[in-house]
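Below is one structure, written out as structure tokens; comments come after it.
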Amino acid sequence: MSTDKKVRVRFAPSPTGGLHLGGVRTVLYNYLFARQHGGDFILRIEDTDQTRFVPGAEEYIFQCLAWAGLEPDESVKQGGDYGPYRQSERKELYRAYAEQLVEKGQAYYAFDTPEELEQMRQDFKTEQNPSPQYDYQVRNKMRNSLTLSKEETDRLLKENTRHVIRIKMPENESIGFTDMIRGAVSFNTSLVDDKVLLKADGMPTYHLAVVVDDYLMKISHAFRGEEWLPSAPVHILLWKYLFGLENMPQWAHFPLILGPSGKLSKRDGAKYGFPVFAMNWTDPKTGELTEGFKEKGFLPEAFINLLAVLGWNDGTEQELFSLDELISRFSIDRVHSSGAKFDYEKAKWYNHEWIKKLAPEELTARVKDVLAARGLVVSDDPLLLKVVQLVKDRASLLTDFYDQTAYFFKTPENMDLAAIQPKWNEVKQLFFAEVIRNYELTGDWKAETLENNFKEIAAANQLKPGEVMLPLRIMLVGGKFGPHVFDIAEILGKAETIKRIQHTLGLLG
RNA sequence: GCCGCGUUGGUCAAGGGGUUAAGACGCAUCCCUUUCACGGAUGAAUCACGGGUUCGAUUCCCGUACGCGGUACCA
């Protein structure tokens, strides 16, 4: 395995649906590794399964990466010297490699129909072996170029009989490699089935495509999820047969991200109320919408941060990392080998931290978009900036800003009158009437003045400030939340403050 | 079933032959705050089990259990 060549890594998604948390983390680790080593990050579309083509899925992946700020150096979009970057467009190139293997006796043609394969699985199925594989034992009982005569095989081929090319796994050999995360890993070849390399439609399977393309695209390090570990021996063998082990990239298999009960799925998201995809994804067939982290109100900075530390840490107590910090601190050997359960509460904590950490202007710009999406258009930027600064400790998601800021810009829609009604009385009614008269005459409309006047009037009416502060808050805010009530009044201004008090008085009266 | 990979509080995790086994999220209590938060303090809670190796194992080795992944002409 070479270590001196230029670092080139790739993320190779299959465009079949929403982009999963784990997928984004794989992108992130690839990206960090590439940037750290001054290498290239390639996005390769693995669309070899035409039956699973989903319109829009590819474009969606690009949008997710753009949002996350993890854009590739080479891809269908960016271009590059190693294209095409869509495997369906590379179709013609794979067959020769598969046939080369057949010639060398390392692979063979198989003519079994799907029905015959199904029959085989039925026939060989036992309690000890519930899922029989097409392996070194059963291949002798199937219809392939190993069991058929040369003439018969040639005839079938000439007649364009539907067939696949399968790798011929050696018998009882040990295939091993060094995983950058797990160390030595090895497999017995007898236990691995003769994977299909080239499908009947002429498309390669993942197994063939991944090694051919990694070779052709000069990939130096191949990172992928742990679910690929069991098929690694096939890939290693293919490298050995086709391009030489010395040219093989270094492998690292990342741990899986788990949900509350095992493997994380979009169902978990629906069930537990948290996103699983990076961005909103609507299934074009069913029209089903699955919510994304972006729309849920996550900052890309936070999303990246929380993903980075789900399975990796730098050994210090630091938990908050910017992308740049991650680029310099990340290291594959500190990536865990065990899966991590996704904790939505902690995810929200990261977002909250980033809301506090982000530059005020930057935060405000993003809040502005979120408010606009909810139909609240704010044109006074300086005012919004002030308001956002005032309430940001109370928002852990960007979407929380709606409830936390809307009352500054429009009269509260829902008034929590129940919070004041039980203890409401004539004295308080008169008190607020006096407050209105006083505020109308107040020239210095500052929080401190308003508070002092308010308290003086309360004292004169034998009211404790605490008895009337909450009612005032409800009048201005609509509910029991928000920053210091007189700060709110100051920002609302004289006319609006008085108007809201009056309005509520009317409701209570 | 078989194969592979894992296993430190509820969760993320540091650590790695001798430690009072960090820290964070969450939770609880208190302080601050005449709201809700922020912030501060305190607390409950962990080395899956059994054998070795060793003067000494959470740490190394072997089993077992458990979890996860794979077992497709899907990736």
Side-chain angles (χ1 to χ4, degrees), chain A residues 12-16 46-49 51-52 87 110 112-114 117-118 121 125-135 162-166 179 181-182 185-188 190-193 195-207 209-210 224-233 253 255-256 258 260 262-263 306 309-320 336-350 352-353 356 391-396 400 404 416 419 455 458 464-474 477 479-485:
Chain A
S14 155
T16 52
E46 308 232 343
D47 57 347
T48 53
D49 186 355
T51 64
R52 293 208 305 162
Q87 287 181 331
D112 317 279
T113 63
L117 289 174
E118 181 49 35
R121 292 193 182 102
K125 188 170 165 182
T126 62
E127 218 156 278
Q128 271 66 43
N129 184 12
S131 41
Q133 303 190 109
Y134 200 119
D135 61 13
R162 282 180 75 81
H163 65 277
V164 301
I165 293 179
R166 285 178 181 271
D179 187 278
I181 294 171
R182 289 148 217 278
V185 183
S186 70
F187 301 83
N188 183 318
S190 292
L191 275 359
V192 182
D193 62 332
K195 292 266 183 257
V196 169
L197 264 21
L198 199 76
K199 300 188 255 191
D201 64 2
M203 278 287 192
T205 58
Y206 171 83
H207 308 294
V210 73
R224 64 205 334 184
E226 191 185 350
E227 70 271 24
W228 289 108
L229 205 43
S231 55
H253 291 85
L256 266 15
L258 310 169
K263 193 183 180 181
L306 71 93
V309 297
L310 198 58
W312 169 87
N313 72 80
D314 76 343
T316 72
E317 286 187 8
Q318 184 171 346
E319 295 197 272
L320 265 23
H336 282 214
S337 48
S338 54
K341 227 172 251 177
F342 174 68
D343 181 354
Y344 188 49
E345 292 307 316
K346 186 129 192 191
K348 282 192 291 192
W349 176 80
Y350 275 105
H352 190 21
E353 291 302 309
K356 291 189 278 182
V391 306
K392 67 180 180 183
D393 282 342
R394 294 170 173 77
S396 57
D400 291 340
Q404 292 294 342
D416 186 7
K455 286 182 175 170
K464 280 184 240 161
E467 294 179 85
V468 278
M469 293 261 272
L470 185 68
L472 177 63
R473 171 174 298 282
I474 303 292
V477 175
K480 289 193 274 188
F481 62 93
H484 192 54
V485 70

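Convention: sequence-line order gives letters A, B, ...; per-chain numbering from 1. The structure displayed is predicted, hence computed values, not measured ones.
Within the structure, salt bridge (Lys or Arg N to Asp or Glu O under 4.0 Å) contacts touching residues 336-348 of chain A (residues at least two apart or in different chains) are A:E319-A:K346, A:E345-A:K348.
Judged by distance alone, the side chain of A:R473 and the main-chain N or O of A:F481 form a donor-acceptor pair under 3.5 Å.
With its glycosidic angle within 90° of 0, B:C38 adopts the syn conformation.
If you take CZ of A:R473 and C1' of B:U33, they are 11 Å apart, rounded to a whole angstrom. Rounded to whole Å, atom P of B:C36 lies 15 Å from atom CG of A:D393. Taking atom CG of A:N188 as the reference point, atom P of B:G4 lies 9 Å away to the nearest angstrom. Here B:C36 presents its C1' atom at 11 Å from CD1 of A:I474, a figure rounded to the nearest Å. In this structure, the CG atom of A:L191 is 14 Å from the P atom of B:U71, given to the nearest Å. Distance, A:H253 NE2 to B:A75 P: 16 Å, rounded to whole Å. Going from atom NE2 of A:H207 over to atom P of B:G70 covers 12 Å, rounded to whole Å. For A:R182 and B:U7, the CZ to C1' distance is 13 Å, given to the nearest whole Å.
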Between the protein and nucleotides 64-68 of chain B, list every N/O to N/O distance that falls short of 3.5 Å.
none

For nucleotides 72-74 of chain B, print each protein N/O atom paired with a nucleotide N/O atom at under 3.5 Å, atom names and distance only.
residue: B:C73; atom: OP2; partner: A:R166; partner atom: NH2; Å: 3.1
residue: B:C73; atom: O2; partner: A:A200; partner atom: N; Å: 2.7
residue: B:C73; atom: N4; partner: A:D112; partner atom: O; Å: 2.8
residue: B:C74; atom: OP2; partner: A:K199; partner atom: NZ; Å: 2.9
residue: B:C74; atom: O2'; partner: A:D49; partner atom: OD2; Å: 3.3
residue: B:C74; atom: O2'; partner: A:R52; partner atom: NE; Å: 3.1
residue: B:C74; atom: O2'; partner: A:R52; partner atom: NH2; Å: 2.8

Polar atom pairs (N or O), protein with nucleotides 24-31 of chain B, under 3.5 Å:
residue: B:A24; atom: O4'; partner: A:E319; partner atom: OE1; Å: 3.0
residue: B:A24; atom: O2'; partner: A:E319; partner atom: OE1; Å: 2.6
residue: B:A24; atom: O2'; partner: A:E319; partner atom: OE2; Å: 3.4
residue: B:A24; atom: O2'; partner: A:K346; partner atom: NZ; Å: 3.1
residue: B:A24; atom: N3; partner: A:K346; partner atom: NZ; Å: 2.9
residue: B:C25; atom: OP1; partner: A:W349; partner atom: NE1; Å: 3.4
residue: B:C25; atom: O2'; partner: A:K346; partner atom: N; Å: 3.3

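With sequence neighbours excluded, the residues satisfying ring-ring contact (aromatic ring centres under 6.0 Å, His included) with A:H163 are A:Y109, A:F111. With sequence neighbours excluded, the residues that form a side chain to side chain contact (heavy atoms under 4.5 Å, CB included) with A:V164 are A:A110, A:R166, A:V196, A:A200. For A:W228, the ring-ring contact (aromatic ring centres under 6.0 Å, His included) partners are A:Y206, not counting sequence neighbours. Under the rule for a side chain to side chain contact (heavy atoms under 4.5 Å, CB included), A:P130 has no partner lying at least two apart in sequence or in another chain. Among residues two or more places apart in sequence or in another chain, the side-chain hydrogen bond (donor to acceptor under 3.5 Å, both in side chains) test is passed with A:K480 by none. Partners of A:K125 according to the side chain to side chain contact (heavy atoms under 4.5 Å, CB included) rule, which considers only residues two or more places apart in sequence or in another chain, are A:P132. Residues meeting the salt bridge (charged side-chain N to carboxylate O under 4.0 Å, His left out) test with A:D49, sequence neighbours left out: A:R52.
For the P atom pair drawn from B:U64 and B:G23, the interatomic distance equals 37 Å after rounding to whole Å. Nucleotides B:G43 and B:U53, compared at atom C1', are 39 Å apart to the nearest Å. One P atom belongs to B:C38, the other to B:U20, and the distance between them is 35 Å to the nearest Å. When the P atom is compared between B:G50 and B:C73, the two are found 45 Å apart, to the nearest whole Å. Taking the C1' atoms as reference points, B:G67 lies 24 Å from B:C74, given to the whole Å. When the P atom is compared between B:A65 and B:A57, the two are found 25 Å apart, to the nearest whole Å. B:G16 and B:A28: their C1' atoms are spaced 32 Å apart (whole Å). The C1' atoms of B:C32 and B:G40 are separated by 8 Å, rounded to the nearest whole Å.
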Hey, mind stepping through A:L191 and A:Q133 against side chain to side chain contact (heavy atoms under 4.5 Å, CB included) and telling me if it holds?
CA-CA 9 Å; A:L191 275 359; A:Q133 303 190 109; 5.5 Å; no
Verify side chain to side chain contact (heavy atoms under 4.5 Å, CB included) between A:L306 and A:Y344, making sure each step is shown before the conclusion.
CA-CA 10 Å; A:L306 71 93; A:Y344 188 49; over 6 Å; no
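Considering only side-chain N and O atoms, A:H336 lies under 4.0 angstrom from the phosphate OP1 or OP2 of B:A14. One finds a side-chain N or O of A:N313 lying less than 4.0 angstrom from the OP1 or OP2 phosphate oxygen of B:A14.
The line from CD1 of A:I165 to CG of A:L197 is 7.5 Å long, rounded to the nearest 0.5 Å. Rounding to the nearest 0.5 Å places NE2 of A:H352 at 6.0 Å from CG of A:D393. Considering OG1 of A:T51 and NZ of A:K199, their distance stands at 7.0 Å, rounded to 0.5 Å. Considering CD of A:E226 and CZ of A:R182, their distance stands at 4.0 Å, rounded to 0.5 Å.
Residue-level contact check: A:P483 touches the bases, meaning some heavy atom is under 4.0 Å from a base atom. If you check every strand for non-hydrogen atoms under 4.0 Å, A:V192 touches nothing. Counting non-hydrogen atoms under 4.0 angstrom, A:F342 reaches nothing in the nucleic acid. Within the nucleic acid shown, A:K348 has no heavy atom closer than 4.0 Å to any nucleic acid atom. Among the heavy atoms of the strands lying under 4.0 Å from A:G311 are primed sugar atoms or P, OP1, OP2 only; no base atom is included.
Along RNA chain B, the nucleotide nearest to A:V485 and the one nearest to A:S338 differ in position, and the one closer to the 5' end is contacted by A:S338. Closest-nucleotide positions on RNA chain B for A:K455 and A:L310 were compared, and the one nearer the 5' end corresponds to A:L310.
Pairs of Watson-Crick or G-U wobble type, with distances under 3.5 Å, assemble into runs of 3 or more in RNA chain B at these ranges: B:1-7 with B:65-71, B:10-12 with B:23-25, B:27-31 with B:39-43, B:48-52 with B:60-64.
Side-chain atoms of A:E227 lie closest to B:G69 of the nucleotides B:C5, B:C38, B:G69.
By the 4.5 Å heavy-atom criterion applied to side chains, A:S231 and A:H207 are counted as neighbours.
For A:R394 against B:C36, a side-chain N or O and a base N or O form a donor-acceptor pair under 3.5 Å.
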